[in-house]
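Have a look at the structure below before the remarks.
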Amino acid sequence: MSVEVGGANILLVDDDGGILRLFRRCLEGDGHRISTARSAAEAEAALGRNVFDACVLDLDLGEDSGLELLPKLREWAPWMRVIMATATDDVATALSAIRVGAADYLVKPCDPSQLSHAVAQQVEARRLEQRVLALENDRGGREGQLDLRTANPALSATLEMGRRVADTDATILLLGESGTGKTVLARAIHDMSPRRDAAFATVSCPSLSAELLASELFGHVRGAFTGATDNRQGRVQIAEGGTLFLDEIGDLPMALQPKLLRFLQDREYERVGDPHTRTANVRVIAATNQDLKKMVAEGRFREDLYYRLNVVTLTLPALRDRREDVLSIAEKILLQLAARYDRPSRRFSKDAASLMALHGWPGNLRELRNAVERAVIICEGEAIGPEHLPFGRVAPSVGHGLRAGDPVSLEELERAHIEAVVANTASLEAAAKLLKIDSSTLYRKRKAFDNGEV
């Protein structure tokens with residue numbers, strides 16, 4: 001679905017059809033998408049169907065009063081910027097409008113350039129609010145992130161495909177282990193796209209229950225559930241005109257999957273507790289570290305949703321599969337963290353660099369950043385050595401002082417390797433996946449270790 005991203009959604013409320021036609025012609029010429037209403041009831045109905053960035057509201061609506069409607073508009077759509085328009089150049093009326101929530105004030109008849117300028121200012125203010133909300137949602141997300149330059153052929157191919165699809169509205173599915181840079185790539189695609197000036201909003205699918213995740217995604221109205229004391233924008237609305245990033249989509253509750261499928265197909269949704277259908281203008285990027293095909297086969301993920309997400313698939317390799325990049329990434333992180341902690345410039349010793357290049361990096365880029373941060377804090381000399389790294393002088397992914405080739409049994413080496421991997425992964429499931437064995441097999445082996453059988 002290709003959409004126009006340059007303009008904004010504007011609601012015109014005036015009982016004069018001539019004025020509506022004039023204003024529509026002017027604002028559509030600026031690239032905006034226009035809806036009109038000739039009464040308070042029509043305005044409420046329009047707000048139930050769509051999300052508007054700004055509204056031009058007439059003071060005198062015949063039987064209705066613009067001043068009385070304005071507080072209701074602010075309640076129904078608190079994010080919408082309202083410009084009050086009136087045929088009376090009266091300071092007291094203007095002040096009254098500002099007091100009840102108007103963002104600007106126009107006197108009719110007005111020059112088309114005045115209308116265009118006033119609307120453009122409010123649209124820009126709305127876009128700025130969206131960007132601030134998105135940044136608050138993702139606070140700290142850019143610090144120390146991956147430089148997308150690489151010497152790895154597999155990642156180079158992925159990045160090139162990302163650049164090619166950035167200027168389209170195709171849905172993208174990013175695959176890769178935790179910590180491989182999926183969020184960074186999603187943001188880079190957004191920054192290269194025509195939507196770069198609008199918001200990049202993130203929804204973390206594993207973090208909430210189905211009901212709260214629906215609210216986070218689509219928003220809710222006051223009274224929709226216990227604790228819903230106010231109307232709330234969802235991430236879909238915050239991302240209007242921009243990009244919606246669905247992180248760890250494999251953890252999306254089954255109960256919410258049909259709603260997301262419908263949204264991806266038609267860009268239509270309802271806020272929780274609100275029967276009115278709304279439309280959205282967003283580009284969707286999803287990411288997961290899980291095998292969605294396997295989840296579909298097991299009945300844990302909808303097949304139709306999988307194919308709707310899987311329009312363009314980009315796979316990010318694990319850090320252990322792009323060892324040629326490890327030192328250059330570590331050096332960039334080192335410079336960033338030295339400045340952050342006000343430490344003198346440092347370098348990695350030859351032994352430390354060799355050790356990092358050989359390490360298994362089960363935590364990928366996150367583990368690398370944590371290792372460099374620890375080294376920056378504890379190193380007192382000019383060079384960071386192996387002793388400053390969390391895996392010290394231990395051979396990669398082996399641990400306990402054992403190295404490949406040491407005069408020990410294969411069982412002892414296996415135990416050391418398994419315990420090192422478990423210590424460096426977030427869960428036993430993640431460790432089993434890295435070791436390429438079943439979780440039950442890993443459990444039995446560790447139980448045998450505890451019982452002294454190895």
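Heads up: numbering here begins at 1 and tracks the sequence. A quick note: this is a predicted structure, and the numbers were derived from the prediction, not measured.
Of the N and O atoms on the side chains of E268 and T279, not one donor lies less than 3.5 Å from an acceptor on the other residue. For the residue pair T202 and D247, no side-chain donor N or O sits within less than 3.5 Å of a side-chain acceptor on the partner. A donor-acceptor pair shorter than 3.5 Å cannot be found between the side chains of D53 and Q122. With no hydrogens or angles considered, no side-chain donor-acceptor pair links E177 and N289 at under 3.5 Å.
With sequence neighbours excluded, the residues that form a side-chain hydrogen bond (donor to acceptor under 3.5 Å, both in side chains) with E324 are N152. For R222, the side-chain hydrogen bond (donor to acceptor under 3.5 Å, both in side chains) criterion is met by E75, not counting sequence neighbours. Qualifying salt bridge (charged side-chain N to carboxylate O under 4.0 Å, His left out) partners for E44, counting only residues two or more places apart in sequence or in other chains: none.
Here the side chain of S116 pairs no donor or acceptor atom with the backbone of S113 at under 3.5 angstrom. In this structure, the side chain of T180 does not engage the main chain of A318 through any donor-acceptor pair within 3.5 Å. Between the side chain of T441 and the backbone N or O of I437, no donor-acceptor pair lies under 3.5 Å. Listed for the T313 side chain is no donor-acceptor partner under 3.5 Å among the backbone atoms of N310. A side-chain donor-acceptor contact under 3.5 Å links R374 to the backbone of H388. A donor-acceptor pair under 3.5 Å links the side-chain atoms of E42 to the main chain of R38, judged by distance alone. Of the possible donor and acceptor atoms, none in the side chain of H117 sits under 3.5 Å from a partner among the backbone N and O of Q114. R346 contributes a side-chain N or O that, together with a main-chain N or O of G381, makes up a donor-acceptor pair within less than 3.5 Å. Between the R323 side chain and the L358 main chain, a donor and an acceptor come within less than 3.5 Å of each other. Checking side-chain atoms of R195 against main-chain N and O of F200 turns up no donor-acceptor pair under 3.5 Å.
Side chains of E367 and P362 form a contact here, defined as non-hydrogen atoms less than 4.5 Å apart. Under the 4.5 Å side-chain criterion, counting only non-hydrogen atoms from C-beta, L69 is in contact with W76. A 4.5 Å side-chain heavy-atom check between R267 and V282 finds at least one atom pair inside the cut-off. The side-chain heavy atoms of V82 and D104, taken from C-beta on, include no pair separated by under 4.5 Å. A 4.5 Å side-chain heavy-atom check between I189 and T243 finds every atom pair outside the cut-off. Residues L159 and L185 form a side-chain contact, since some pair of their non-hydrogen atoms from C-beta on lies under 4.5 Å apart. For the pair E373 and Y341, the minimum side-chain heavy-atom distance is below 4.5 Å. Looking at heavy atoms from C-beta onward, F23 lies out of side-chain contact with P112 at the 4.5 angstrom threshold.
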Quick one: do D321 and L155 satisfy side-chain contact (heavy atoms from CB on, under 4.5 Å)? Show the steps, please.
-> CA-CA 10 Å; D321 295 327; L155 183 56; over 6 Å; no
Evaluate side-chain contact (heavy atoms from CB on, under 4.5 Å) for W361 paired with M356, printing each intermediate quantity in order.
-> CA-CA 9 Å; W361 300 111; M356 287 192 298; 3.9 Å; yes
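Comment: K293 does not engage D291 in a salt bridge, judged by the lack of any side-chain N to carboxylate O separation of less than 4.0 angstrom. We find that R24 and E28 are joined by a salt bridge, their nearest charged nitrogen and carboxylate oxygen being less than 4.0 Å apart. At a threshold of 4.0 Å, the pair E216-R232 counts as salt-bridged, since one of the basic side-chain nitrogens sits closer than that to a carboxylate oxygen.
In the displayed structure, R196 atom CZ is contacted under 6.0 Å by more than 12 heavy atoms of other residues, nucleotides or ligands.
For the side chain to side chain donor-acceptor pair (under 3.5 Å) with E270, the qualifying choice from R262, R278, K259 is R262, the only one to do so.
A perpendicular orientation is assigned to the rings of F263 and Y269, their planes being inclined by more than 60° (bins at 30° and 60°).
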